[in-house]
Amino acid sequence: MTRAFVHLNVHSEYSLIDSTIRVDDLARACATAGMPAVALTDDSNFFALVKFYGACESAGIKPIVGCDLWIADGTEHSRVTTLARNRAGYLRLSRLLSDAYRHRGKSEKVLVPRTELMQAGADLFVLLGDRSDVGRANDPERAGQLLSEWQRAFDDRLYLQVARLQRGPREDQANTQLLHMASRFDLPALAVNDIRFTAREDFEAHEARVCIATGRVLNDPKRPRDYTAEQYIKSPDEMAERFADYPVLLDNAIELAKRCNVELSFGKYFLPAYPVPKTHTLETFIRERSELGLDKRLSIHPPGVGYTEDNYRSRLKIELDVIVAMGFEGYFLIVADFINWAKDNDIPVGPGRGSGAGSLVAFALGITDIDPLPLDLLFERFLNPERVSMPDFDIDFCMEGRDRVIDYVSHKYGRDKVSQIITYGTMAAKAVVRDTGRVLGMGYGHVDSIAKLIPNTLGITLDNAVKESPELAARIEAEDDCAQLFELARKLEDLTRNAGKHAGGVVIAPSALTDFAPLYCVDESDGMVTQFDKDDVEKAGLVKFDFLGLRTLTIIDWAVKAINAKRRVTGEEPVDITKIPVGDIRPIPC
């Protein structure tokens, strides 16, 4: 008879250092093995949360939300696993992690103070294992004292976790102590497998990943061996065999999984509140500002050939009706506000591009400087009530002034509500070949000669590279070490490697950002970013604004200022490039 079981300690590729598991593969493997749920407990982050949640729902299993935390108690550091009981528990963890990154400094580890975790204990489950302070304590009395403190803070939300990974006497000793403590303190113990890769045969690829992250070589006899070949997604039957002498540990894992119920909803947008005068609503204010803005535009540039003012006013009303019906008045007003602030503060802004240039409302509010009517630009390409999606203006700022605009937005809406967005680097074809060759101990010149045979095609995969490069295919066929290199590199290809900052994405939340997404930073000098990438922040309900830095605008600004400096000397009128007709091809005299 097959026993039921749920894995409650699993790292994915988004731990960035110690796992090769892709979240889709995790959900699929657990569903195939008949497991009703699985927990993702990545190392000190929620990078993969939205993707994991969606993958589990698609696979028909319950996602359990959690993470592994490094705990600081004075100068001592230990490890615990945390699981959220509900959405409130997830938000508590999100805030704890965000604070830990905010105060990270130059530390390699992201540390959560032990007292802070205990104070935030409501709606959280804590699992103490062999790397916890209790598991590491050599003195049974000291272990008992520490466990008493955890029990007072978490009561029936405290568990002890036991892993049998064939890590030697130290693991056996810790497990004996943990099981003894579970009996002594009447606490439930449960089985885990500290999963880091999908199948047993993926162990070598996992070790290569760890070596890539730590700068080691696979055959280095001095490198740490922190993992074993047992840390794959074991089936319930395999776990039952491993814990045949303690079947209750499997039952306790199932019971804890039943207690974890985090419900997340996607697809609803939460716009920040744009401040309008008391005599206005968002609708009346955007209509008034748009009409006044159109009057100003038409006073400078008359209607395009073949159009009348009535055509403009009719188009403006149609667009405003759509914007109001879709509830996007606030979005337009927010964008118009920071763009016009930039213009008023001598920060060059691009005239507009993409489908947003088809909006007359955007032209009237000063978001774009392109009259869409004479150019036959369609508003429906930008906003269409039959295909509801957030409007998305691509806004170009001068490279030198972009950060000032972001700072203005942060000050206006609150620094706890504004953040840039994370982005993830992956192991692309050439890079993964070079990295894999290094950890295999191959010479740089040899590996470089192989990597250079991969075509310089954007987004090319290793398999396609072999198809497109006969010379590469021939070397793989003829050279055993080249074949070994490619076999290992394929397993690592496209894994998430590192985290960075999106070039232009900024989110503005209606309340503290941690109500919607946890925050991350590399160190205190780098600034905070969301832990969710640009696609996931939108799924979580946050609205993304693109603040793109464009060097061309900076150069144009330098040129105009240089020209006008000379014109001032000669008493000539300064050049205003916004007033130059689109069809004017005359050069500006310098």
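- Counting all heavy atoms, side chain and backbone alike, Gly504 lies closest to Arg402 at CA-NH1, 3.7 Å.
- Among all heavy-atom pairs drawn from Val506 and Ile421, the shortest one is N-CD1, 3.9 Å.
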Sequence neighbours excluded and cut-off under 3.5 Å, please list the side-chain donor-acceptor pairs for residues 263-271, or say none.
none

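- In this structure, Leu96 and Glu116 have side chains that are in contact, with non-hydrogen atoms separated by less than 4.5 Å.
- Going from atom CZ of Arg92 over to atom CG of Leu97 covers 14.5 Å, rounded to the nearest 0.5 Å.
- Taking a cutoff of 4.0 Å between a charged side-chain nitrogen and a carboxylate oxygen, Arg95 and Asp515 qualify as a salt bridge.
- By the neighbour-count criterion of 12 heavy atoms within 6.0 Å, atom CD of Glu241 is sparsely surrounded, having that number or fewer from other residues, nucleotides or ligands.
- Figure legend: cation-pi geometry between Lys234 and Tyr232, with NZ or CZ positioned under 6.0 Å from the six-membered ring centre and within 45° of its axis.
- Asn86 and Asn261 are not linked by any side-chain donor-acceptor pair at a separation below 3.5 angstrom, with hydrogens and angles left out of the test.
- Using modelled atom types, no side-chain atom of Arg85 and backbone atom of Ala122 make a donor-acceptor pair closer than 3.5 Å.
- Aromatic ring centres of Phe197 and Tyr227 lie farther apart than the 6.0 Å criterion allows.
- Between Asp123 and Arg87 there is no salt bridge, since none of the side-chain N atoms of the basic residue sits less than 4.0 Å from a carboxylate O of the acidic one.
- Ion pairing between a basic and an acidic side chain is recognised when a charged N comes within 4.0 Å of a carboxylate O; Arg259 and Asp156 show such pairing.
- A side chain to side chain donor-acceptor pair (under 3.5 Å) with Arg114 holds for exactly one of Glu149, Gln119, Glu76; it is Glu149.
- Stacking of Arg157 on the aromatic ring of Trp150 is not recorded, the 6.0 Å distance cut-off and the 45° axial limit not both being met.
- A heavy-atom distance below 4.5 Å is found between the side chains of Thr81 and Gln161.
- The distance from the CG atom of Asp533 to the CD atom of Glu538 is 9.5 Å, given to the nearest 0.5 Å.
- Residue Asn219 places its CG atom among more than 12 non-hydrogen atoms of other residues, nucleotides or ligands, all under 6.0 Å distant.
- Side-chain contact between His77 and Leu111: present, with at least one pair of heavy atoms (C-beta onward) separated by less than 4.5 Å.
- With Ser19 contributing its side chain and Ser15 its backbone, the two residues share no donor-acceptor pair below 3.5 Å.
- Taken to the nearest 0.5 Å, the OG atom of Ser12 stands 7.5 Å off from the CD1 atom of Ile21.
- Across all their heavy atoms, Ala84 and Leu124 have their closest contact at CA-CD2, 4.2 Å.
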Take Thr198 and Asp25 through the test side chain to side chain donor-acceptor pair (under 3.5 Å) and record every step on the way to the result.
CA-CA 8 Å; Thr198 305; Asp25 293 342; 5.0 Å; no
Salt bridge (Lys or Arg N to Asp or Glu O under 4.0 Å) for Arg225 and Glu207? Distances and angles first, verdict last.
CA-CA 9 Å; Arg225 261 70 172 181; Glu207 291 294 275; 5.3 Å; no
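- Residue pairs satisfying the salt bridge (Lys or Arg N to Asp or Glu O under 4.0 Å) criterion with at least one member in residues 11-20, sequence neighbours excluded, are listed as follows: Asp18-Arg196.
- Side-chain polar atoms of Asn464 and Thr461 form a donor-acceptor pair below 3.5 angstrom.
- Remark: aromatic rings of Tyr520 and Phe47 are close, center separation under 6.0 Å.
- Atoms CG and CZ, from Leu91 and Phe516 in turn, are 9.5 Å apart once rounded to the nearest 0.5 Å.
- Contact check for Leu93 versus Leu69: side-chain heavy atoms found under the 4.5 Å cut-off.
- Aromatic ring centres of Tyr331 and Phe545 lie closer together than 6.0 Å.
- Proximity of Gln151 to Asp155: side-chain heavy atoms (C-beta onward) are nowhere separated by under 4.5 Å.
- Note that CD1 of Ile254 and CG of Leu249 are 12.5 Å apart. Values are rounded to the nearest 0.5 Å.
- Of the options Asp251, Leu8, Val6, Ile64, a side chain to side chain contact (heavy atoms under 4.5 Å, CB included) to Leu256 is made by Leu8 and by none of the others.
- Lys534 NZ to Gln420 CD: the interatomic distance, rounded to the nearest 0.5 Å, is 15.5 Å.
- Asp130 pairs with exactly one of Arg170, Arg167, Arg164, Arg79 by the salt bridge (Lys or Arg N to Asp or Glu O under 4.0 Å) rule, that one being Arg167.
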Can you give each donor-acceptor pair under 3.5 Å made by side-chain atoms of residues 33-40, sequence neighbours left out, with the distance rounded to 0.1 Å?
none

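- Using a 4.5 Å heavy-atom threshold, the side chains of Asp546 and Asp392 count as touching.
- Heavy atoms only, all atoms of each residue included: Ser78 and Ser132 are closest at CB-C, 3.9 Å.
- Side-chain contact of Asp68 with His11: a donor-acceptor pair under 3.5 Å is present, judged by distance alone.
- Paired with Pro272 under the rule side chain to side chain contact (heavy atoms under 4.5 Å, CB included), one option of Ile334, Leu542, Val409, Val418 passes, and it is Ile334.
- At a threshold of 4.5 Å between non-hydrogen side-chain atoms, the residues Leu127 and Leu160 do not count as touching.
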ring-ring contact (aromatic ring centres under 6.0 Å, His included) between Phe46 and Tyr14, worked out:
CA-CA 8 Å; Phe46 281 127; Tyr14 285 89; over 10 Å; no
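- Salt bridge Asp99/Arg102: present, at least one basic N to carboxylate O contact under 4.0 Å.
- Contact check for Tyr159 versus Phe154: no side-chain heavy atoms found under the 4.5 Å cut-off.
- The main-chain N or O of Leu462 is found under 3.5 Å from a side-chain atom of Glu493 such that the two form a donor-acceptor pair.
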